[in-house]
Amino acid sequence: LISNEFMRGINNFAVRPIAAGISPIRRAITGDDGGVELVETMASAVALKQGFVDAVELASRLWWKGTTKHGAEYQSMFVEQRADELTRGTPTLTEATGLDKVPIFGHIANLYERGLRAVSYGGLSMGDEYNKTLNYRSSVYQQAVRKAYQSGKRGDEMTEEANRLINDPDATMHEEGHREAERLTFTNEVGGFLGELSRNARQMTSRHPSLKFFLPFIKTPTALLDRGIKMNPLLAPLQAETRERIAKGGADADMAIAEMVFGASIMSLVYILHDSGQITGAGPKNRNQQTAYDKLGIQDYSIRVGNDYVSFARGTDPLGTTMAAMAEAMDNIKYADSPDDAVVMMGELSLALAQYAKEQPYLTGVANILKLMDGNMNFTSWGAKQMAGFVPSLSRDLSSMYRGVTDAPSIPYAPKTDNFWQAFLNEATKRGLPTGRELPPKRYWDGSVVLAGQGEALFLYNTVSPIRISGLQYHPESNELARNS
């Protein structure tokens, strides 16, 4: 939801004005008649204002009908049938175990699962419908105003013609609106290597449903990464799709060039901010430096605001991908052991994108498998974490919130062990399962206890918000350790 709102604002009120500025130059060079007009930005604002109520109404109607009438199948107006990939054709837990045959328990369990679907998949579909409706409306308004303006009409005549097109869009406008609705909600099919990777991964998880536990979402992460690449002026020209959009001409060419120009300006800004210590990437690879940064409250992939570090790792994609790539490259140079290493690391800008993507919540399962293959995680720890993942963590979250209000809560630490059962109990205890175990608190390098958040308000905010805030701490010893590795 955050990424959609953020990206819609960037697309309509940053990239599109840049495209309108580029368009006359491109048309003068190529002789092309069509392109983006500055008046489209105003059309976008009007579309969002007039379409908000409709978007809320359609999203609410989708959720209500899907939950009460269609058995958790949420049917969107943008496609014939849209049920979440995770539930399509898959038996529920009670059906798979036969517990649905038990009269009272089966009924209770069915209500519980229906409730979970309504909150999770229903909420996801509802948010998707809301954003698609606004994106579709914006696209139709933009096309209508562009056509009216380029027909030579001005003033009231242009407004009248634009309204006529909005009320009766032709097939081309309708199709473009659908494409834009999918593109800005990151549910579009991606071309090239990423597209092949996405389709093959989805086919594999369809044949082997157990893989969905490790890779639940494929299409959206791929689309997010693809859009991040399109905003990267070093990588975008390597994509055949970008070159084809520019060769095609018209508004599509203006937007493709504008995305790269906007990405270049963001990367330049990140360079300046990183040089002044106002933005961070993944941090140092040296473990001593990283533990010192943890103690100081310096958060990965964050922007410094006063004495706080505000994360941009969630909710700002795909812009966050562009920012992270540059910040990661600058981190590699900053923490390199030698100038030669710094040159090599600067050349690994594309790998920085992969590193950032791997850290996202929806790729946690993949990241853990890669750690297992790299030898950074043993099979016992990996297996215990997967098994403990079935323990609902709601009790842990509620307990943490209660302790956060009444006292500063420590973060439990699960001691490493080669015994699978012991490792599982430790991980399950961390997630709130009452096993009777008392786990030791996690500690910083100097032995002090790691506390979850600084102050009640900040702790409660970080508990519910995907955008994390970390307060900068005063600790001279950690400063010295960070400076000298």
Side-chain angles (χ1 to χ4, degrees), residues 274 277-313 324 327-328 330-338 341-342 345 355-356 358-359 364 367-368 370-372 374-378 380-382 384-385 388 396 400 403-404 407-418 422-423 426-427 429-431 437-456 458-459 461-463 468-485:
H274 192 282
Q278 299 300 306
I279 195 168
T280 64
K285 303 295 186 290
N286 183 295
R287 189 173 182 277
N288 290 334
Q289 281 182 302
Q290 187 60 61
T291 53
Y293 274 43
D294 291 342
K295 174 67 178 178
L296 291 169
I298 299 175
Q299 192 171 232
D300 296 347
Y301 298 120
S302 299
I303 298 173
R304 183 172 176 177
V305 181
N307 288 324
D308 293 323
Y309 280 86
V310 181
S311 169
F312 63 81
E328 176 74 3
M330 296 303 295
D331 266 5
N332 286 340
I333 296 171
K334 180 178 179 179
Y335 302 115
D337 293 329
S338 69
D341 289 344
M345 289 176 174
Q355 170 69 22
Y356 172 76
K358 193 179 71 173
E359 299 298 324
T364 300
N368 285 336
L370 292 175
K371 286 180 182 178
L372 183 67
D374 290 343
N376 294 325
M377 180 184 287
N378 62 43
T380 300
S381 298
W382 177 80
K385 280 181 178 289
R396 176 200 64 189
S400 296
R403 287 186 291 121
D407 191 15
S410 60
I411 298 176
Y413 168 70
K416 291 183 179 180
T417 174
D418 292 330
Q422 296 296 327
N426 288 340
E427 294 292 341
T429 303
K430 276 180 63 177
R431 293 182 66 84
R437 291 177 167 239
E438 189 69 32
L439 294 179
K442 190 175 181 181
R443 298 179 182 274
Y444 291 113
W445 71 269
D446 65 342
S448 57
V449 174
V450 176
L451 300 179
Q454 297 104 17
E456 293 177 11
L458 182 56
F459 173 77
Y461 168 82
N462 282 333
T463 302
R468 307 295 172 86
I469 297 177
S470 174
L472 189 63
Q473 303 297 303
Y474 174 76
H475 197 253
E477 295 85 356
S478 292
N479 267 323
E480 192 68 16
L481 181 63
R483 190 165 61 87
N484 292 289
S485 302

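One is the number of the first residue; the rest follow in order along the sequence.
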(message) Rounded to the nearest 0.5 Å, what separates atom OH in Y293 from atom CG in N288?
(response) 12.5 Å
(message) Can you tell me how far apart CD (Q473) and CG (N479) are? Round to the nearest 0.5 Å.
(response) 11.5 Å
(request) List the atom of Y301, the atom of A282, and the distance in Å for their closest heavy-atom pair. (result) OH-CB, 3.5 Å
(request) Please check if the side chain of D308 supplies one atom and the backbone of I469 the other of a donor-acceptor pair under 3.5 Å. (result) no
(request) Measure across L439 and P415 and return the closest heavy-atom pair with its distance rounded to 0.1 Å. (result) CD2-CD, 4.2 Å
(message) I need the minimum non-hydrogen distance between A414 and K430, along with the two atoms involved.
(response) CB-CD, 3.6 Å
(message) Can you confirm whether R437 sits close enough to N426 that some side-chain heavy atom of one is under 4.5 Å from a side-chain heavy atom of the other?
(response) yes
(message) Holding to side-chain hydrogen bond (donor to acceptor under 3.5 Å, both in side chains), I want the full list of residues that pass it with S448, two or more places apart in sequence or in another chain.
(response) K295, D446
(message) Rounded at 0.5 Å granularity, tell me how far CZ in R443 sits from OG1 in T291.
(response) 15.5 Å
(request) Would you confirm whether R304, through its side chain, and G306, through its main-chain N or O, come within 3.5 Å as a donor-acceptor pair? (result) yes
(message) Please report the interatomic distance CG(L296) to CD(Q289), rounded to the nearest 0.5 Å.
(response) 11.5 Å
(request) Verify, without hydrogens or angle tests, whether S302 (side chain) and T280 (backbone) share a donor-acceptor contact under 3.5 angstrom. (result) no
(request) Take Q422 and T380 through the test side chain to side chain contact (heavy atoms under 4.5 Å, CB included) and record every step on the way to the result. (result) CA-CA 10 Å; Q422 296 296 327; T380 300; over 6 Å; no
(message) I'd like to check the side-chain hydrogen bond (donor to acceptor under 3.5 Å, both in side chains) partners of E427; sequence neighbours left out, ordered by chain and number.
(response) none
(message) Using a 3.5 Å distance criterion without hydrogens, assess whether the side chain of S470 forms a donor-acceptor pair with backbone atoms of Y309.
(response) no
(request) Calculate, to the nearest 0.5 Å, the distance between atoms CG and CD1 belonging to D331 and I279 respectively. (result) 9.5 Å
(request) Rounded to the nearest 0.5 Å, what's the gap from CH2 on W445 to CG on D294? Could you check? (result) 12.5 Å
(request) Compare every heavy atom of L481 with every heavy atom of A292, then report the nearest pair and how far apart it is. (result) CB-CD2, 3.8 Å
